[in-house]
Student: 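I'd like to ask you about the structure that follows.
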2 protein chains.
Amino acid sequence: MTVTLADVAARARVSPATVSRVLNGNYPVAAATRERVLRAVDELDYVLNGPASSLAAATSDLVGILVNDIADPFFGIMAGAAQTEIGIQEAPDATGFARADAAGAAEAAGPHAPGAGRRRAGGQKLAVVCNTVGSPERELTYLTLLQRQRAAAVILTGGALEDADHGAAVTAALRRLAAAGTRVVLCGRPPLPDDDVAVAALAFDNRGGGRRLAEHLLALGHRTIGYVAGPLERTTTRHRLEGHREALRAAGLPAAGSGGAQDPLTLHGPYTRRSGYEATRELLRRQPGLTAVVAANDTVALGACAAVRDEGLRIPQDVSVAGFDDLPFSVDATPALTTVRLPLQEAGARAGRLAMGTEAPPPGGIATIGAELMARASTAPPRA
Amino acid sequence: MTVTLADVAARARVSPATVSRVLNGNYPVAAATRERVLRAVDELDYVLNGPASSLAAATSDLVGILVNDIADPFFGIMAGAAQTEIGIQEAPDATGFARADAAGAAEAAGPHAPGAGRRRAGGQKLAVVCNTVGSPERELTYLTLLQRQRAAAVILTGGALEDADHGAAVTAALRRLAAAGTRVVLCGRPPLPDDDVAVAALAFDNRGGGRRLAEHLLALGHRTIGYVAGPLERTTTRHRLEGHREALRAAGLPAAGSGGAQDPLTLHGPYTRRSGYEATRELLRRQPGLTAVVAANDTVALGACAAVRDEGLRIPQDVSVAGFDDLPFSVDATPALTTVRLPLQEAGARAGRLAMGTEAPPPGGIATIGAELMARASTAPPRA
DNA sequence: ATAGCCGTAGAAAGCGCTTGCTAGGGCTGT
DNA sequence: ACAGCCCTAGCAAGCGCTTTCTACGGCTAT
């Protein structure tokens, strides 16, 4: 029914081994033979059987990218950049066998260097993104599924859940993956607790970003700053908040809640516009003296802006609003949103390269990626 | 080195066949045996070898979702919804074998119904999204890669390229996929040219949406309406534009360009904010009488808004602006964007169900999904 | 008691590919 | 001319799982 390697071999009058070698291009095959095989391949519309190939070779060309919410550009941008880096490589050079010899002249290995004439070893990788919807179970399930597929690499993006059990489970899963030869990369997520693992981590400087943003507001003269934080138990949420409070404390303001106590100026919620809207209305209600609102991210900030307006207040004259991430739409908000820029594109691309083994891992396996303050029109000095 | 089925079998003192059956749960295995096997599985931290399993069973649990731009929420939302529908199902019932008998009492098949006691047949599907970046070659490459993996289903989202050669290539690829038993679903993309294939299509009513949006503007009194269209050669672009012009023509306005002629009121560009910005400035420059701008989608509309403002004009008093898609941020723009709502979430979910075979395909394999006008604050009557 | 069934488990034959090893020509070098 | 190499291609042994077919108790029905 379906065409197999053997069929192609028969048609090209060669052995299956030869066909395999032509297709994988990592073994010298005479040009004429190669030609014949290639012709047979597309006369027969042959498509390699991936599972069989992966089984025999004990490797697969799958690379998994885990994201918390695929509908959120924050993840979309990172995933897209990573996928671009991983995806379709330069086309293999079907002809030009002889040219390798010319190039070989530059080699020190002598006239009969055995490596001459070899073609791209790897082959096409299939980067796939998996949407965990922020659910711990799904995260684990996807990790198992990817291990099942013997994925070549796995990239985990975004903040991690701060649950001891779940953290341990994920760490164990990643360790298993790594042990099985899968490259593991963390992107925008803190390194694993014990860093003995061969897991590269690209962490965002959320704490620093949060601090700088707060400092900016303090410098403008704000003293009562509301904070619409992300979901509890997320590293991202905690780090941004810590940075924020660090700055407040440094300015001699009562950064309550740092001990986990109730902080009337901080409200937690999901990363949604709605959360931003509702939390901000609540904040405005209970703190009439509020002159600024910092949101967990840009999406939340949009909701905050809507809330401020619906209270009949102006941005930034009456209340300043700031976000985090600097997603593309932030500059288009009215007024343009002050936020903290995270180089999502770059980080994603780098993660992709690490996953491919194209780029050397950072020293210690850990790199921190800067978060830059983008002061724009949505923040200004408070009314005098 | 790595644990295999045989290892588990040895440890559980059963044959590999039995372990396989426990894991796949579609063959009666005595509770005690099952128990023993399951214990061995997790004592050994056994993870099924996907490729081997797929090879032997001649099926895979991969479902591919192709999107043009993963960083664009338009696709993210559809992909996310589809993935949710496909992804992690209810947990298999590890115990409770006996209960099947009790339930069996309700069956008409008699006391020894052979089907009693069977568990979920399918098993976990891995939904993966593939980012084509709008590139025809990548689209084709991904299709081949997915065929290699013997994917269970493939979902193509978003507008198709209107290039005869490429269209034929894609159609051929989809046909091959379908022939190989892969379920193919089109989501937000017009049906295949000859609909004899077993390919389900969920198309958006882009033409109708474009028409209604134009009618809305016409009803408000606009007569000189600029149009910042999407990239040429995309079905989405063409359909929206056709609907737009249909309405203009019906209103007796010179809908130039319908024959492909130069239309000074229409400009093409990518689906980016920047394109919206630049095209709109250009439009405003060459058509001082312009009172409204329709954008290819909401993202472009955001750019258009910025351009209008930068020209010192107000929205909607001086110029009305409208988008398309009704992405989440549209309602948050200032003023809230008039747009055409596409039920992306629902469409994606439905595509996911079609891919899983959970939902019956629409009659004729084709369904058109409505596009609803969302008249908001960014459009108003033109200055008198 | 005996025949016959049903429920359960094992043996073994692949699934389609990769790859280490082997073998046979055609050259080169002497 | 002959030995020895290199280049190219084939052989065959798996990779780890699924699944058909077969086998074997114990229980029911006569």
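Only a predicted model underlies this, so the values are computations on that prediction, with no experimental measurement involved. Lettering of chains follows the sequences in order, A, B, ..., and the numbering in each one begins at 1.
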Student: Please figure out whether B:R36 or A:P16 has its closest DNA chain C nucleotide nearer the 5' end.
Tutor: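 Final value for this comparison: B:R36.
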Student: Return the value, rounded to whole Å, for the distance between atom CZ of B:R13 and atom C1' of C:dT8.
Tutor: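 My rounded result for the distance is 18 Å.
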Student: Got a list of protein N/O to nucleotides 15-17 of chain D N/O distances below 3.5 Å?
Tutor:
residue	atom	partner	partner atom	Å
D:dC15	O2	A:A56	N	3.4
D:dC17	OP1	B:Y46	OH	2.0
D:dC17	OP2	B:L5	N	2.4

Student: Out of curiosity, B:Q149 CD to B:D61 CG, how far, rounded to the nearest 0.5 Å?
Tutor: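 If I round to the nearest 0.5 Å, the distance is 10.5 Å.
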Student: Atom CZ of A:R21 and atom C1' of C:dT18: how far apart are they, to the nearest Å?
Tutor: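 To the nearest whole Å, that distance equals 9 Å.
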Student: Among A:V185, A:T171, A:L192, A:L156, whose side-chain contact (heavy atoms from CB on, under 4.5 Å) with A:V199 holds?
Tutor: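 Checked A:V185, A:T171, A:L192, A:L156 against A:V199; only one passes side-chain contact (heavy atoms from CB on, under 4.5 Å): A:L192.
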Student: Check whether any side-chain heavy atom of B:L140 sits under 4.5 Å from a side-chain heavy atom of B:V170, and report yes or no.
Tutor: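 Yes; the side chains approach each other to less than 4.5 Å.
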Student: Show the nearest heavy-atom pair for residues A:A200 and A:L354, with the distance to one decimal.
Tutor: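 What the structure gives for the nearest pair is CB-CD1, 4.2 Å.
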Student: Using modelled atom types only, decide if a donor and an acceptor are shared between the side chain of A:T182 and the backbone of A:A152 within a distance under 3.5 Å.
Tutor: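 No.
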Student: Phosphate oxygens OP1/OP2 of C:dG10: is one of them under 4.0 Å from a side-chain N or O of B:T18?
Tutor: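 True: B:T18 side-chain N/O within range (under 4.0 Å) of C:dG10 OP1/OP2.
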Student: Under 4.0 Å between any heavy atoms, over every strand shown, what does A:A58 touch: base, sugar-phosphate, or nothing? Just pick one.
Tutor: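 Answer is nothing: A:A58 stays at 4.0 Å or more from every strand.
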Student: Check the pair B:V184 / B:L186 against side-chain contact (heavy atoms from CB on, under 4.5 Å), numbers first and verdict last.
Tutor: CA-CA 7 Å; B:V184 179; B:L186 269 25; 4.2 Å; yes
Student: Separation of A:Y27 atom OH from D:dC7 atom P, in whole Å?
Tutor: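 The answer, rounded to whole Å, is 11 Å.
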Student: Between B:Q149 (CD) and C:dC17 (P), how many Å, whole number?
Tutor: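 Value for this atom pair: 13 Å.
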